[in-house]
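Heads up, the thing below is written out as structure tokens.
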Amino acid sequence: MSGYQIETKCIQSGWHPKRGEPRVLPIYQSTTFKYDTSEQMGRLFDLEDSGYFYTRLQNPTNDAVAEKICELEGGAAAMLTSSGQAANYYAVFNICEAGDHMICSSAVYGGTFNLFSATVKKQGIACTFIDPDASKEEIAAAFRPNTKVLFAETIANPALVVLDIEKFAEAAHEHGVPLIVDNTFPTPINCRPFEWGADIVTHSTTKYMDGHAMCVGGCIVDSGNFDWEKYPDKFPGLTQPDPTYHGIVYTQKFGKGAYITKATAQIMRDLGSIQSPQNAFLLNVGLETLHLRVARHCENADRVSEFLQAHDKVAWVNYAGLKDNKYHALAQKYMPNGTCGVISFGLKGGREVSVGFMDKLKLIAIVTHVADARTCVLHPASHTHRQMTDEQLLEAGVAPDLIRLSVGIENADDIIADLAQALDTI
Ligand SMILES: *Cc1c(COP(=O)(O)O)cnc(C)c1O
């Protein structure tokens, strides 16, 4: 599908039925697959032939959806995972082991921060967090001889920081490591990080890709551009024999597919965070309208952010689509068609006023989610960060009055009317 535009890929990539096969991607609701001879099956286990034998490793429904996301990102290979958390964990653990070090932007999703600051630490992988606005020199200063990965989010959740992808990619490559970027918020519709030098992209498909808040899921896409063999001592898992597959060397046998083949054949085999084919089917239905929905999310968020900014009860608005936003220029460079539908803002009068306002909303629901079709809000100080004092909240970068508003694809007038009536009550 490489000659086609991204809208066409959303609809047509991934599943290519042959004569008499179902037009719509089928759900291969089967754990296992049949062969005629023991020899045929044995070759699959040795990675000598490609084919399906057990859904924990690969399933045709999942593979078709992974291929679609791979084409949307412009990558070389991709795999689905059971969640965005699993995608980020596998993406790092595929090339890091005990004794290694990684660097991560401090403006990342809370679950990702916990994963890298606490859980991978218990496995012997150290992580240094850096300012997302760090200069190249400051990023360089965080590298150690055993650093294997630089990690960041294209648009950070919930801080809405826009990443300078080229700067981070250059810093990573000057130190011989790949840049992994979590591209959940812009989606490949608005930003394709490989075009700016990122090497690996991850997604929580739970958000815009699914788009309907139906299925938790994740995806890892490899650009195939990072030259692992240039640093054979740094990435032995890819460049040296794997004894669990009779000594095959992933880079030699699979070329641009080495990273994803290893993550599938080894990490997924052993840790097993597979996406169910049923969920992959639903994800694919979401992907078919991704280009329509993302454009509408951004259009609505533009209108809502302008309404909020002009309202005299609103203290501040953070949305990179606004001209006076700190990240507007970066957003224009990397995401000229729009950023995403998520806005954060605070009300004059602070925390108590923000909470009172949210309770008055009628159409907009209070839920722990972002980036789906229905407009929703969350107040981190009362919900995800509720154990903290106001002082601790500020240290964590979460203003006590911060309201995270995920603008959906309803009619923008109705969303604004709901915000307006709730603002009127305070
Ligand atoms: C939600 C989210 C995740 C985690 O994904 P799950 O699918 O909830 O496991 C990771 N990164 C970002 C940017 C997210 O928004």
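What's counted below: heavy atoms across the whole structure, side chains too, no hydrogens, waters or symmetry copies. Since the structure is predicted, the reported quantities are computational estimates derived from the model, not experimental observations. Residue numbers start at 1 and run along the sequence shown. Remember, it's 1-based here, ligands and their atoms both numbered in the order they're listed.
Residues T375 and L363 have side chains not in contact (no heavy-atom distance under 4.5 Å, counting atoms from C-beta outward). With a 4.5 Å cut-off on side-chain heavy atoms, L283 and I69 count as touching. Side-chain contact between R192 and I6: present, with at least one pair of heavy atoms (C-beta onward) separated by less than 4.5 Å.
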Which N/O atoms of ligand 1 sit under 3.5 Å from a protein N/O, and at what distances?
{"unit_1": "ligand 1", "atom_1": "5 (O)", "unit_2": "S204", "atom_2": "OG", "d": "3.0"}
{"unit_1": "ligand 1", "atom_1": "7 (O)", "unit_2": "G84", "atom_2": "N", "d": "2.9"}
{"unit_1": "ligand 1", "atom_1": "7 (O)", "unit_2": "S204", "atom_2": "OG", "d": "2.8"}
{"unit_1": "ligand 1", "atom_1": "7 (O)", "unit_2": "T206", "atom_2": "OG1", "d": "2.6"}
{"unit_1": "ligand 1", "atom_1": "9 (O)", "unit_2": "G84", "atom_2": "N", "d": "3.1"}
{"unit_1": "ligand 1", "atom_1": "9 (O)", "unit_2": "Q85", "atom_2": "N", "d": "2.9"}
{"unit_1": "ligand 1", "atom_1": "11 (N)", "unit_2": "D182", "atom_2": "OD2", "d": "2.7"}
{"unit_1": "ligand 1", "atom_1": "15 (O)", "unit_2": "N157", "atom_2": "ND2", "d": "2.9"}
{"unit_1": "ligand 1", "atom_1": "15 (O)", "unit_2": "K207", "atom_2": "NZ", "d": "2.7"}

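In this structure, K207 forms a cation-pi arrangement with Y109, its terminal cationic atom sitting closer than 6.0 Å to the ring centre and no more than 45° off the ring axis.
Among all heavy-atom pairs drawn from N318 and L160, the shortest one is O-CD1, 3.4 Å.
Taking the six-membered ring wherever Trp is involved, the centroid distance between the rings of F226 and F235 falls below 6.0 Å.
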